[in-house]
Amino acid sequence: MKKYGQFCPVAKATEILGDPWSMLIVRELLLGSSRFSSLQRGLPRISPTILNKRLKELEGSGVIVKRPISGQRGHDYRLTPAGKELSSVVQALAVWGMRWARDEMDDDDLDVTFLMFDIQRNLVLDQLPDGETVICFQFPDLKEFGTWWLICAGDDVDLCYQDPGKDVNAYVTSRSRTMMEVWMGDRPLPAALKSDDISLVGESAVCARFAKWFPLSEAAAVPRPTERERL
């Protein structure tokens, strides 16, 4: 842990949370991830070694608690009261980041694995037909991880990047950048659909309600700074 040698509370908090990945781990825990594997899905570019190290550091600082899972292998990671208080900090960072830190997305920022995991955990399932619904997302611009399947049944959604061998009810096709721009609110969904930059093929009961079960990121509603605010 980096020490700044200052009694300032900002410095002391940054000693705990300022390391690479720490705040993103807290973000994932706040969003409901609790297993090592689910944290990896939300942070696909972190190495298992670094993730394990950061979890131990956050546990040692009293931000999270690690508990064995009864009757199973592995552990759950849960936020302590101190960790839960970081919710407002993460929310403030999300708002500031949407307004001031992401005018442009570099190609290296286009992480389709995180995109699909975020879509998986935000789908509005009661807007889909009863029973099992299989939705296939296709990104023809990607050589790897260009096809994903969401298997929706009841309150559960499974995410697969290998063909699960099930009949697909709807196909959603788009360039990865377009889908991320729409998901983050940078581009209106109706415009992307009208221009066929996002195309839908399949059951009308699924395709016609796309805008209802595909909710966009929670951060998409954050207003961008005006030109006057930028001065």
Side-chain angles (χ1 to χ4, degrees), residues 21 24 27-28 31-33 35-48 50-51 97-98 102-125 127-129 131-153 156-220:
W21 298 109
L24 295 185
R27 177 200 71 190
E28 289 302 307
L31 289 172
S33 295
R35 301 289 295 271
F36 195 92
S37 58
S38 61
L39 290 168
Q40 285 183 303
R41 284 197 295 272
L43 304 167
R45 299 192 183 188
I46 193 172
S47 72
I50 294 297
L51 177 56
M98 286 295 292
R102 57 175 307 278
D103 282 348
E104 295 182 4
M105 290 189 294
D106 295 332
D107 288 344
D108 194 49
D109 296 328
L110 304 181
D111 186 345
V112 72
T113 302
F114 175 72
L115 169 68
M116 291 307 305
F117 185 50
D118 212 26
I119 291 172
Q120 176 196 15
R121 62 189 170 192
N122 283 286
L123 287 182
V124 184
L125 296 174
Q127 295 298 324
L128 292 169
E132 184 177 86
T133 300
V134 180
I135 304 162
C136 180
F137 280 73
Q138 301 178 122
F139 304 106
D141 58 304
L142 300 180
K143 293 180 180 179
E144 295 183 337
F145 300 106
T147 307
W148 297 78
W149 290 262
L150 290 167
I151 304 169
C152 311
D156 296 325
V157 184
D158 287 333
L159 176 64
C160 307
Y161 61 85
Q162 295 180 330
D163 190 344
K166 292 178 175 287
D167 291 336
V168 174
N169 302 101
Y171 292 88
V172 182
T173 304
S174 167
R175 293 180 60 82
S176 56
R177 178 179 285 273
T178 298
M179 188 64 70
M180 290 176 205
E181 288 174 345
V182 168
W183 182 249
M184 295 305 296
D186 300 323
R187 183 174 180 183
L189 175 59
L193 291 170
K194 185 175 181 180
S195 65
D196 272 342
D197 287 338
I198 295 179
S199 68
L200 305 173
V201 176
E203 294 179 358
S204 59
V206 179
C207 295
R209 301 185 68 80
F210 179 64
K212 294 185 179 295
W213 57 258
F214 185 80
L216 306 188
S217 165
E218 290 184 5

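- Salt bridge Glu28/Arg121: present, at least one basic N to carboxylate O contact under 4.0 Å.
- Between Cys160 and Pro164, the shortest heavy-atom contact is SG-CB, 4.4 Å.
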- side chain to side chain contact (heavy atoms under 4.5 Å, CB included) between Val182 and Asp197, worked out: CA-CA 10 Å; Val182 168; Asp197 287 338; over 6 Å; no

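- Taking every heavy atom of both residues into account, Trp183 and Ala220 meet most closely at O-CB, 3.8 Å.
- The CG atom of Asp158 sits 9.0 Å away from atom NZ of Lys166, with the distance rounded to the nearest 0.5 Å.
- Here the CZ atom belonging to Arg102 is positioned 4.5 Å from the CE atom belonging to Met184, to the nearest 0.5 angstrom.
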- Message: Run the side-chain hydrogen bond (donor to acceptor under 3.5 Å, both in side chains) test on Ser176 and Asp141 for me, step by step, so that the C-alpha distance in whole Å, both residues' side-chain angles and the decisive distance to 0.1 Å come before the verdict.
- Response: CA-CA 7 Å; Ser176 56; Asp141 58 304; 2.7 Å; yes

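- Classified by interplanar angle (parallel below 30°, tilted 30° to 60°, perpendicular above 60°), the ring pair Phe210/Trp213 is perpendicular.
- Looking only at side-chain heavy atoms (C-beta outward), Ile46 and Leu24 stay at 4.5 Å or farther from each other.
- Annotation: side chain of Asp167 is not in contact with side chain of Val134 (no heavy-atom distance under 4.5 Å).
- Of the possible donor and acceptor atoms, one in the side chain of Ser38 sits under 3.5 Å from a partner among the backbone N and O of Arg35.
- Atom CZ in Arg41 sits 13.0 Å away from atom CE in Met116 (nearest 0.5 Å).
- Using a 4.0 Å cut-off between charged nitrogen and carboxylate oxygen, Asp186 and Arg177 do not count as a salt-bridge pair.
- Rounding to the nearest 0.5 Å gives a distance of 13.0 Å between CG of Leu110 and CE of Met179.
- At least one side-chain heavy atom of Leu193 sits under 4.5 Å from a side-chain heavy atom of Leu200.
- With a 6.0 Å radius and a threshold of 12 heavy atoms from other residues, nucleotides or ligands, Glu132 has its CD atom above the threshold.
- Atoms CG and CG, on Asp106 and Asp109 in that order, are 5.0 Å from each other to the nearest 0.5 Å.
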- Task: Mind running side chain to side chain contact (heavy atoms under 4.5 Å, CB included) on Val124 and Lys212 for me, showing each step along the way?
- Result: CA-CA 7 Å; Val124 184; Lys212 294 185 179 295; over 6 Å; no

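- In terms of heavy-atom proximity, Thr178 sits nearest to Ser174 at CB-OG, 3.4 Å.
- Applying the ring pair (Phe, Tyr, Trp, His ring centres under 6.0 Å) test to Trp21 and every residue at least two apart in sequence or in another chain returns nothing.
- Taking all atoms of both residues into account, the shortest heavy-atom contact from Trp149 to Cys136 is NE1-SG, 3.8 Å.
- In this structure, Asn169 and Ile135 have side chains that are not in contact, with every pair of non-hydrogen atoms separated by 4.5 Å or more.
- Within 6.0 Å of the OH atom in Tyr161, the count of heavy atoms belonging to other residues, nucleotides or ligands does not exceed 12.
- Listed here is the closest heavy atom pair of Gly42 and Arg27: O-NH2, 3.4 Å.
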- Message: Checking Phe139 against Trp148 for the ring-ring contact (aromatic ring centres under 6.0 Å, His included) test, could you report, in this order, the C-alpha distance in whole Å, the side-chain angles of both residues, the deciding distance, and whether it holds?
- Response: CA-CA 9 Å; Phe139 304 106; Trp148 297 78; 7.9 Å; no

- Would you please test Leu216 and Phe214 for side chain to side chain contact (heavy atoms under 4.5 Å, CB included) and show each step? CA-CA 6 Å; Leu216 306 188; Phe214 185 80; 3.8 Å; yes

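- Side-chain contact between Phe117 and Ser33: present, with at least one pair of heavy atoms (C-beta onward) separated by less than 4.5 Å.
- Partner of Val157 under the side-chain contact (heavy atoms from CB on, under 4.5 Å) criterion, chosen from Leu125, Ile151, Asn122: Leu125.
- Of the inter-residue distances, the one linking Phe137 atom CZ with Thr147 atom OG1 reads 12.0 Å to the nearest 0.5 angstrom.
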- Message: For a side chain to side chain contact (heavy atoms under 4.5 Å, CB included) check, start with the C-alpha distance between Met180 and Val112, then their side-chain angles and the critical distance, and finish with the verdict.
- Response: CA-CA 8 Å; Met180 290 176 205; Val112 72; 4.0 Å; yes

